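Bear in mind the structure is a predicted one, so any value in this text is a computation, not a measurement.
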Amino acid sequence: MKTIQQRNEYIQTKMKQHESITDVHKYQRRLKRLMRYHKLLTNLEVKQARENLRKALK
């Protein structure tokens with residue numbers, strides 16, 4: 001059986017994973033909105049948005 005400390009560590013790890021996934025979804029939605037509504041973005045702005053998404057995925 002797992003000890004209470006092991007269970008707490010497991011829960012904390014899963015919560016961090018969930019937060020990371022939530023952040024990724026947030027950035028993906030933001031990028032999709034930017035691309036859909038702002039067709040006149042400069043290449044630099046698109047590059048920056050993609051870099052932010054890559055950072056969130058790591």
(request) Output all residues satisfying side chain to side chain contact (heavy atoms under 4.5 Å, CB included) with Q5, sequence neighbours left out; order by chain, then residue number. (result) T3, E9
(request) With sequence neighbours excluded, tell me which residues meet side-chain hydrogen bond (donor to acceptor under 3.5 Å, both in side chains) with N8. (result) none
(request) Using the test side chain to side chain contact (heavy atoms under 4.5 Å, CB included), find all partners of K47 that sit at least two apart in sequence or belong to another chain. (result) E51
(request) With sequence neighbours excluded, tell me which residues meet side chain to side chain contact (heavy atoms under 4.5 Å, CB included) with K14. (result) Y10, Q17
(message) Distance check, rounded to the nearest 0.5 Å: N52 atom CG versus K26 atom NZ?
(response) 10.5 Å
